[in-house]
Structure formats: structure tokens, C-alpha cells
K.L.:
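Structure below; questions to follow.
Values reported hereafter were calculated over all heavy atoms of this structure, with side chains retained and with hydrogens, waters and symmetry mates removed.
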Amino acid sequence: LLLQSAEKVAIRPRQVLHHWRLPMDYVYFIERGLVSVSARVDDDEFVEAWLVGSEGLVGSPLVLAEEGQPTPHRRIVQIGGEAVRIPAREFMAVLPTLPFTRRLLQRYVQSVLFQASQFGACNAAHSVRERLIRWLLVARDCIECDDLPITHEVLSQLLGVRRATVTQVVEALHREGLIRT
């Protein structure tokens, strides 16, 4: 039923899938790629709250809320790939008729809430080095690939730190043989 209104789409780096405080037009099931869900912290600044890869759904608030509700987060593609896109209206209409799928998606939302709370705890308690390593590991798991085509600038924005700080940490990790750049 969900696939009847679905279409496969390419997702490109820096593509905004959902703008903050606007209703969602589509949900996206990521097949390949990486999407950041970011919270607004300033007029022009967002910090990542969680990541979505091939394990998840971009648009999880629709599992819990009513269609047309504004969302407090921005969803932006960090690593391009492909997704299955379903109009939010059709998703919301069909979901109540699919109890197993709804329960599965609710469990996914539970894991997203855990991930977001863990990100928040890590941001408060850990060094930039530890936060960057966590981000690299989570991203690697999400895209199931060792190559992460992402810039120091983007990492600095996602982590809410200076780009120079990211560069220093990346260079140290490279010298230690933990990553290749």
C-alpha cells in the first residue's frame, strides 16, 4: 500500500528535504545516503540532533503526529544517494491500515529518540575529538561504507565547532592511523 504512491528519487548533498517549522510534504526511506536532522540554535545556525541512513525514515514525526504539523528540525542530505519518497498525505492515510508497519516505525522512532538524547549527552560531556569519532562511526554504520565524502566545514557545522578545530582533530586521528583522509 505504501509503495503505490512511492517514487524512487536521487538525493544530493546539501539538499534540504524538510525545512524547519514547515509541514512535511514527503517522507523518505533512505536506500543509500546520509541525512542529518538538525536543530536550530541561532538565526542561521543548526546543530545536528541525529543521523538517518539506510536503516531509517526521514519524516519520523509523522509516525506520531498529524499531517500538516510543522516540524522543529531541518533535514539535509550530507551524503548523496537514493531514497523512496512517499507524499506525506498518502503516508498518513495508509499508515493506520498497516498495524505491523506502524509498530515497526514506532520502534524506529524510539531508537531515534534514544540516539538524539545520546547525541545531546555526548555533546555536553565529551571532547570534540570524542564527538567527531562518534559522528564518524555512526555515519559509517548508516551508509555501510568506510568512505565518508564530507568536508571539514560540514563537520564543523554539524558538531557546532570551528572548522580549524575539526581539521586539528582529523589530522591527529590520521597521524594515529585511526582514519585515512
K.L.:
Taking Val35 as the starting point, is it possible to reach Leu113 by hopping between hydrophobic residues whose side chains are less than 4.5 Å apart?
P.N.:
yes
K.L.:
First locate atom OH of Tyr28, then atom CD of Gln15, and finally report the distance between them rounded to the nearest 0.5 Å.
P.N.:
6.0 Å
K.L.:
In chain order, what residues pass the side chain to side chain contact (heavy atoms under 4.5 Å, CB included) check against Gln4, with sequence neighbours excluded?
P.N.:
Leu1
K.L.:
Quick one: ring pair (Phe, Tyr, Trp, His ring centres under 6.0 Å) partners of His152, sequence neighbours excluded?
P.N.:
none
K.L.:
Quick one: list whatever passes side chain to side chain donor-acceptor pair (under 3.5 Å) with Gln168, sequence neighbours left out.
P.N.:
none
K.L.:
State which residues pass salt bridge (Lys or Arg N to Asp or Glu O under 4.0 Å) with Arg75; sequence neighbours excluded, sorted by chain then number.
P.N.:
none
K.L.:
To the nearest 0.5 Å, how far apart are CD1 in Ile86 and CG in Leu95?
P.N.:
10.0 Å
K.L.:
Who passes salt bridge (Lys or Arg N to Asp or Glu O under 4.0 Å) against Glu130, sequence neighbours left out?
P.N.:
none
K.L.:
Residues in salt bridge (Lys or Arg N to Asp or Glu O under 4.0 Å) with Asp146, at least two apart?
P.N.:
Arg140
K.L.:
Are the side chains of Ser156 and Thr165 in contact, using a 4.5 Å heavy-atom criterion?
P.N.:
no
K.L.:
Ser5 and Pro87: which non-hydrogen atoms are nearest, and at how many Å?
P.N.:
O-CD, 3.2 Å
K.L.:
Going only through I, L, V, M, F, W and Y residues with side-chain contacts under 4.5 Å, is there a path from Val109 to Phe114?
P.N.:
no
K.L.:
To the nearest 0.5 Å, what is the distance between CD1 (Ile76) and CZ (Arg12)?
P.N.:
11.0 Å
K.L.:
Looking only at heavy atoms, which two atoms of Ala83 and Ile30 are closest? And how far apart?
P.N.:
CB-CD1, 4.0 Å
K.L.:
How many angstroms lie between CG in Leu159 and SG in Cys122, if you round to the nearest 0.5 Å?
P.N.:
11.0 Å
K.L.:
Determine whether Leu137 and Ile79 fall in the same hydrophobic cluster, where Ile, Leu, Val, Met, Phe, Trp and Tyr are linked whenever their side-chain heavy atoms lie under 4.5 Å apart.
P.N.:
yes
K.L.:
Scan residues 91-115 for pairs that pass side chain to side chain donor-acceptor pair (under 3.5 Å), counting only residues two or more places apart or in two chains.
P.N.:
none
K.L.:
Going by the rule side chain to side chain contact (heavy atoms under 4.5 Å, CB included), which residues pair with Ala139 if we only count those two or more places apart in sequence or in a different chain?
P.N.:
Leu34, Leu51, Trp135, Leu148
K.L.:
Applying a strict under-4.5 Å side-chain criterion to I, L, V, M, F, W and Y, I'd like to know whether Val27 and Leu98 cluster together.
P.N.:
yes
K.L.:
Residues two or more places apart in sequence or in another chain: which of them pass side chain to side chain donor-acceptor pair (under 3.5 Å) with Arg21?
P.N.:
none
K.L.:
Without placing hydrogens or testing angles, list every side-chain donor-acceptor pair under 3.5 Å for residues 53-62, not counting sequence neighbours.
P.N.:
{"from": "Ser54", "atom 1": "OG", "to": "Cys142", "atom 2": "O", "distance (Å)": "3.4"}
{"from": "Glu55", "atom 1": "OE1", "to": "Gly53", "atom 2": "N", "distance (Å)": "3.0"}
{"from": "Glu55", "atom 1": "OE2", "to": "Gly53", "atom 2": "N", "distance (Å)": "3.2"}

K.L.:
Of all heavy-atom pairs between Ala116 and Trp50, which one has the smallest distance, and what is that distance?
P.N.:
CB-CE3, 3.7 Å
K.L.:
Any side-chain heavy atom of Leu22 sitting closer than 4.5 Å to one from His18?
P.N.:
no
K.L.:
Can you list everything that forms a salt bridge (Lys or Arg N to Asp or Glu O under 4.0 Å) with Glu31? Sequence neighbours excluded, please.
P.N.:
Lys8
K.L.:
Locate the shortest heavy-atom distance separating Gly33 from Ile143; write the atom from each residue and the value.
P.N.:
O-CG2, 3.3 Å
K.L.:
Could you pull out all residues at least two apart from Arg74 that satisfy side chain to side chain donor-acceptor pair (under 3.5 Å)?
P.N.:
none
K.L.:
Could you measure the distance from the NE2 atom of His19 to the CG atom of Asp25? Nearest 0.5 Å is fine.
P.N.:
9.5 Å
K.L.:
Measuring from Leu2:CG to Leu105:CG, what's the distance to the nearest 0.5 Å?
P.N.:
8.0 Å
K.L.:
Taking a hydrophobic cluster as the set of Ile, Leu, Val, Met, Phe, Trp and Tyr residues connected by side-chain heavy atoms closer than 4.5 Å, whether directly or through intermediates, do Leu64 and Phe91 fall within one such cluster?
P.N.:
yes
K.L.:
On a heavy-atom basis, which atom in Val154 and which in Thr151 lie closest, and how many Å separate them?
P.N.:
N-OG1, 3.1 Å
